[in-house]
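Single-structure report; data block below.
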Amino acid sequence: MIAGPDITGEAAGFRSLSGPARLLVVNQFGINVGFYMVLPFLATYLTDDLGYGAALVGLVLGVRNLSQQGLFLVGGSAADRLGCRPMIIAGCALRVVAFGCFALFTSLPGIVLAAVLTGVAGALFNPAVRTYLTHESPGRRAEVFAVFNVFAHAGALVGPLLGALLLLADFRMVALVACAVFAALTAAQLAVLPPRAVERQERGVLGSWWEVATNRRFVAFTLFGSAYFALYNQLYLTFPLEAERVTGGVWSVSAVFVVSTVIGIACSVRLTRWCRARWPAGRCVAGGLVVMGAGFLPQLVSAPLTPPAAGIAAVLPVLAGTVIFTLGMAVTNPFVMDLLPVVGSERLAGTYYGFFYLVSALVTAGCPRWSARWSTCPTTGGPRPRRWWPSACWARPVSP
């Protein structure tokens, strides 16, 4: 049985949340709006406006990823010991500074500083937000994280659109608006988000890390769960490249992500509740991964097609695979979040979340990366042209 109010849809799911949980899911919407408003257009800004080469652009993007993903464990441990609320507030406030640096500085040291601060901020609030929600929603975590994912999807949809609109003025304007978004989020958390009691830890930080690393069941779960992120990464690599290959047009890349985002928003909560009523969480995770894998099967239909003679219909198998893949994601992610503190520990939830995301990021980094394609058009081999909805805007890291 599921404790708490019945969840029949996105609106009802949101209304069923506690006040702090509502704030955090809205906060995630704002985080994704601010992040995807800026980062997708950063490579074009650095190359076209500031004249940096592809190697330096790759360095900046790599430093941002490393500074965030490499510090997930540190951020999670800080949430356990200092409290989730201070880490969430500090992370959002640091994003204000980071995007302010993007607006103020054009020199390489200033850009690298902004990239590092952007990553560190994410490492602080990402584990803290998930830890707070874990403690806030015992017994119905999967449903709460499904609502959380809906707002995250919505923010990832709105952010690039708003960024593209503001980019008509100037990239610095985009960065300043993102600053305002994170400043508003910081103020809201200071005013509304209540603190949670911090449980006293018997071990030091290194002792806690050792406990996590020697928890064989959790390590096995982490390696298994990392398959989700390795597959997730393909939504921003394999699917877009195949769509662009069979059609010969970048518009098809946008179609892939619009379909994925709409399916994620429309189906996450209902699908999570439907699965919860029928199977245990572990079976839902396994089934979701199988469905994600099945999302590649329609590409067997598109693979023999030769562009652009196949026309618009050529992208339909890729879009069908995108729908299947996204449904698998919608099943897998909430139940992974549900199980994580169960196979780990409620007492060290932040540390376990940090370890899980750190390992998942390392696994994902082993997959072919998309960063070089931010500034290169796979069709012509030359620079990507500016466009109202650039396909590059959808290339995402494990977490913003």
| field | Shared hydrophobic cluster for I111 and M173 (ILVMFWY, side-chain gaps under 4.5 Å) | value | yes

| query | For the side chain of R203 and the backbone of S208, is there at least one donor-acceptor N/O pair under 3.5 Å apart? | reply | no

| Any side-chain donor near an acceptor of the partner, Y232 and N333, under 3.5 Å | no

| message | Working note: W209 + L206, criterion side-chain contact (heavy atoms from CB on, under 4.5 Å); need CA distance, chi angles, decisive distance, verdict. | response | CA-CA 5 Å; W209 291 358; L206 294 180; 3.9 Å; yes

| request: Without swapping roles, check the side chain of R64 against the backbone of V116 for a donor-acceptor pair under 3.5 Å. | output: no

| request: Kindly work out whether a path of hydrophobic side-chain contacts (I/L/V/M/F/W/Y, heavy atoms less than 4.5 Å apart) joins L297 to L289. | output: no

| query | Does the side chain of S302 pick up a donor-acceptor pair with the side chain of E242 at under 3.5 Å? | reply | yes

| query | Which atom names give the shortest non-hydrogen contact between S107 and Y52, and what distance separates them? | reply | C-OH, 3.3 Å

| Expected output: side-chain S77 to main-chain V74 donor-acceptor under 3.5 Å | no

| Validation row, ring centre Y228 to ring centre F224 under 6.0 Å | no

| query | Under the 3.5 angstrom rule, does the side chain of R245 hit a backbone N or O of A303 as a donor-acceptor pair? | reply | yes

| said: So does A243 get a backbone contact from the side chain of S252, meaning a donor-acceptor N/O pair under 3.5 Å? | reply: yes

| request: Determine the minimum heavy-atom distance between N27 and C92, stating which atoms define it. | output: OD1-SG, 3.9 Å

| Reported CZ-to-CG distance for the pair F125 and L94, which is rounded to 0.5 angstrom | 9.0 Å

| request: Walk me through it: do L235 and T322 pass the test side-chain contact (heavy atoms from CB on, under 4.5 Å)? | output: CA-CA 8 Å; L235 183 61; T322 301; 4.3 Å; yes

| field | T332 to V285 - nearest heavy-atom pair and separation | value | OG1-O, 4.0 Å

Please report, to 0.1 Å, the donor-acceptor pairs under 3.5 Å made by any side chain of residues 334-345, with sequence neighbours excluded.
{"residue": "D338", "atom": "OD2", "partner": "R276", "partner atom": "NH1", "Å": "3.3"}
{"residue": "D338", "atom": "OD2", "partner": "R276", "partner atom": "NH2", "Å": "2.7"}
{"residue": "S345", "atom": "OG", "partner": "R347", "partner atom": "N", "Å": "3.1"}
{"residue": "S345", "atom": "OG", "partner": "L348", "partner atom": "N", "Å": "3.3"}

| said: Test your reading of the model: is there a side-chain donor-acceptor pair from R95 to the backbone of G91, 3.5 Å cut-off? | reply: no

| request: Is it possible for you to say whether V323 and M329 belong to one hydrophobic cluster, with membership spreading through side-chain heavy-atom contacts below 4.5 Å? | output: yes

| message | Other residues, nucleotides and ligands only: do more than 12 of their heavy atoms fall within 6.0 Å of CZ on R278? | response | yes

| Any side-chain donor near an acceptor of the partner, T326 and S260, under 3.5 Å | yes

| query | Are the aromatic ring centres of F356 and F72 under 6.0 angstrom apart? | reply | no

| request: Could you walk me through whether N215 and E211 pass side-chain hydrogen bond (donor to acceptor under 3.5 Å, both in side chains), step by step? | output: CA-CA 6 Å; N215 184 335; E211 175 185 327; over 6 Å; no

| said: Taking salt bridge (Lys or Arg N to Asp or Glu O under 4.0 Å) as the definition, give me every residue that meets it alongside R196, ordered by chain and number, with sequence neighbours left out. | reply: E136

| Ignoring hydrogens and geometry, is there a side-chain-to-backbone donor-acceptor pair from S268 to I265 under 3.5 Å? | no

| field | Residues that, via side-chain heavy atoms closer than 4.5 angstrom, fall in one hydrophobic cluster with I89 | value | L190

| query | Are L24 and L193 close enough that some pair of their side-chain heavy atoms sits under 4.5 Å apart? | reply | yes

| note | F257 and V253 have their tightest heavy-atom pair at CD1-O, 3.1 Å

| request: Write down the atom of Y45, the atom of F105, and the distance for their closest heavy-atom approach. | output: OH-O, 4.4 Å

| said: Once rounded to the nearest 0.5 Å, what's the spacing between atom CD of Q189 and atom CG of L185? | reply: 6.0 Å

